[in-house]
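Have a look at the structure below, then the notes.
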Amino acid sequence: MVLFAVLAVNLLFVWYMFFTSDVPEKNTLITVGRFFGLHVALAMIFQLTLIARIPWLDRRLGMDRLTTLHRWTGFTIFCALLLHVSFIVTGFAQLDGNPIPKQIVSLAGSFPVLLGMVAFLFITVIAVSSARFARRRLSYETWHALHVLLYMVIILALLHQMTEISTFTVSSLSRAYWWLLWSLALGSLLTFRVIVPLIRNLRHDMRVSAVVPESDDVVSVHVTGRNLDRLPARAGQFMLWRFPGYNPWWQVNPWSLSAAPDGASLRLTAKGIGETSAGLRNLPVGTRVFAEGPYGALTSLARTRESSLLIAGGIGVTPIRALMEELTGPVTVLYRVPTMTQAVLIEELQSLARARGAQLHVLTGRTGAGNPPFNPFAPADLEIVVPDIRERDVYVCGPEPMTVAVLKSLRALRVPRNQIHAERFRLAG
């Protein structure tokens, strides 16, 4: 993959600059700490690239894979930074003959070091909030707000790196290299997270045109605007939605398009889980909409085969429903819900299935119930319902446990990896 090849080349170049630099070695511990510090800087620049939402990366990897990389890169940064801080503090404590607490206070007297310490505290907060035990207990809005600290970390880390007299600034080559990397990463972030969304929203002037309750806890929001035919959105993608004046600016949610874009309007359908989604049904018509995107690779562009299998669970049916409008060839849809009354947009799905000659199977019941236990996504059961499953592109969208189970079964059935396209309701940055 090009992304990892570029990363490997930069890693080798960082090693080359480190081992050929003329920075005086105070002691081994400090030298090892400096070595880890270089890796922290490179990993942060890589992280910026992942969260910049560069269209080229989004189309090739999809937001799901980018989010997985983002998560592991974040924990890598935290671990490398912990090692960097530990070796530096211990090394200077050994050098000055101070106990660790006194040495920390002494180092904090240096402004560049103090900036690095504050950045470390912020990264610790982000890492803890992203751990699975904490993430399950936080609302999406709270988790997203905590991640805004990442932008403060970027500023602090850049100032720390460029004001600390070390390997970063030891030569003109080193300074030019790091400034180039930071400029490219920050430029990408500014372009695709700020400039492009602002231009698109000024161009399209999107507004809420209708709010339609689909059930007691599901609502659809219809959005219109100028020249929406110029918005490069496709069925299966999602956007980041804000409603300025109705919700605080920092409240942003990733909701899929639940109907294929027609050039005149967009529709999102959401379940009332968090604070923002639960309040959608109270949106006044005419409310201004600020949307970023579209994002996601769960589109017909990913197809490799003529036939398709669409697997949805719960509210994950929204991009699947949109894809039903756009996909051609034989299509089979498996929709997993506990009961028929919880099947979102079921009448639309049935109508589309009839119009396009698709097969629609609504799978209800409790997993594990009965004898033999009910398990609709077991490999044998999938093969019974879709005998030619290995000859189809498979699109999967639903809750994490369901998606994991489906992907495991697809691997057991030896469905080629390039025919599997999944979205897990996750978002990088």
Donor-acceptor contact present, side-chain Arg356 to main-chain Met324, <3.5 Å: yes
Subject >> Donor-acceptor under 3.5 Å (Arg390 side chain, Leu413 main chain) >> reply: yes
For [X] and [Y], which I'm curious about, is there any donor-acceptor pair between the side chains at under 3.5 Å?
X      : Y      : value
Gln419 : Arg305 : yes
Ser308 : Asp393 : no
Asn227 : His204 : no
Arg234 : Ser300 : yes
Thr318 : Arg267 : no
Ser351 : Glu348 : no

Review item, side-chain donor-acceptor pairs of residues 72-80, under 3.5 Å, at least two apart:
residue : atom : partner : partner atom : Å
Thr73   : OG1  : Leu69   : O            : 2.7
Thr76   : OG1  : Trp72   : O            : 2.7

Taking [X] as the fixed residue, which of [options] is the one that meets the side-chain contact (heavy atoms from CB on, under 4.5 Å) rule?
X      : options                : result
Thr49  : Leu189, Leu57, Leu66   : Leu57
Val218 : Val212, Val344, Leu345 : Val344
Phe377 : Ile311, Thr403, Val404 : Ile311

Exercise for review: Specify whether Tyr295 and Phe238 have parallel, tilted or perpendicular ring planes, treating 30° as the upper limit for parallel and 60° as the lower limit for perpendicular.
Suggested key: tilted
Q: Please work out which of the three classes, parallel, tilted or perpendicular, describes the rings of Phe36 and His39, given edges at 30° and 60°.
A: tilted
Here the pair of heavy atoms bringing Leu310 nearest to Ile320 is CB-CG2, 3.6 Å
Can you find a heavy atom in the side chain of Leu280 that is under 4.5 Å from one in the side chain of Leu268? yes
query = Is there a side-chain contact between Met340 and Val362 (heavy atoms, below 4.5 Å)?
reply = yes
Which of Tyr16, Trp182, Phe18, Phe13 passes ring-ring contact (aromatic ring centres under 6.0 Å, His included) with Tyr177? Answer is Phe13
### Task
Return yes when atom CD of Glu306 has more than 12 non-hydrogen atoms of other residues, nucleotides or ligands closer than 6.0 Å, and no otherwise.
no
